[in-house]
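Below is one structure, written out as structure tokens; the observations come after it.
Everything numeric here is computed off the predicted structure, so don't read it as measured data.
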Amino acid sequence: MRHEDTQTLNWSVYKRFAIPYSFKPEMSVVGATIAAATAFLRIFLGSLLFSVCGVFTVVAWNSIRNIFLRIGLVAGMSLLFPLCLALLTWAISALPKRLMRLRR
């Protein structure tokens with residue numbers, strides 16, 4: 001038997017499952033609730049940001065007649081969306097740390 005196999009046999013049932021890194025078996029109920037709410041918030045707000053950027057891009061595309069300005073608009077929005085998404089993700093990731101600090 002390989003070393004990895006014997007090490008896996010010594011793990012608890014919870015450690016054998018493929019659980020995401022943020023949901024540890026030792027996590028409290030409050031910590032798990034905050035982690036699940038954070039994941040939901042990240043998905044919901046990221047989708048909302050994507051839809052708002054898409055709608056604004058289409059509305060602006062339809063209102064601009066010059067093809068070069070249209071291309072510039074799409075290029076600008078293509079750069080702005082990932083930046084906003086990165087900032088949103090960073091802010092949401094910092095939220096649970098702040099909530100856990102306030103809870104203590």
Side-chain angles (χ1 to χ4, degrees):
M1 207 180 245
R2 294 183 317 188
H3 175 68
E4 294 86 17
D5 295 336
T6 58
Q7 185 180 9
T8 306
L9 290 176
N10 293 333
W11 286 353
S12 69
V13 175
Y14 296 111
K15 288 188 178 182
R16 289 182 191 169
F17 290 128
I19 299 172
Y21 72 94
S22 61
F23 296 100
K24 299 176 182 78
E26 307 86 29
M27 192 179 284
S28 67
V29 174
V30 174
T33 304
I34 290 173
T38 303
F40 173 76
L41 194 64
R42 186 178 296 126
I43 292 168
F44 179 74
L45 291 179
S47 300
L48 188 66
L49 177 68
F50 183 72
S51 65
V52 167
C53 283
V55 167
F56 281 144
T57 302
V58 169
V59 167
W61 178 275
N62 288 332
S63 66
I64 298 173
R65 298 288 173 223
N66 188 343
I67 189 69
F68 296 111
L69 292 176
R70 283 182 170 184
I71 293 171
L73 167 81
V74 171
M77 289 300 282
S78 297
L79 294 174
L80 185 65
F81 171 70
L83 177 68
C84 290
L85 186 63
L87 289 173
L88 177 72
T89 304
W90 173 77
I92 292 172
S93 296
L95 187 65
K97 295 173 189 166
R98 185 165 278 226
L99 286 175
M100 293 304 273
R101 241 187 288 137
L102 289 175
R103 197 177 72 111
R104 290 181 195 171

With side-chain hydrogen bond (donor to acceptor under 3.5 Å, both in side chains) as the rule and sequence neighbours excluded, what pairs involving residues 65-83 come up? none
Any ring-ring contact (aromatic ring centres under 6.0 Å, His included) pairs touching residues 45-70, not counting sequence neighbours? F50-F81
Check which hydrophobic residues are tied to V29 through side-chain heavy-atom contacts below 4.5 Å, counting indirect links as well, and list them. none
Do C84 and L49 come within less than 4.5 Å of each other through their side chains, counting heavy atoms only? yes
Under a 4.5 Å side-chain heavy-atom rule over Ile, Leu, Val, Met, Phe, Trp and Tyr, are V74 and I71 clustered together? no
Excluding V59, membership of its hydrophobic cluster (Ile, Leu, Val, Met, Phe, Trp, Tyr; side-chain heavy atoms within less than 4.5 Å) reads V55
Pair up each side-chain donor or acceptor in residues 36-47 with any protein partner under 3.5 Å, not counting sequence neighbours, and list the distances.
| unit_1 | atom_1 | unit_2 | atom_2 | d |
| --- | --- | --- | --- | --- |
| T38 | OG1 | I34 | O | 2.7 |
| R42 | NH2 | S93 | OG | 3.2 |
| S47 | OG | I43 | O | 2.9 |

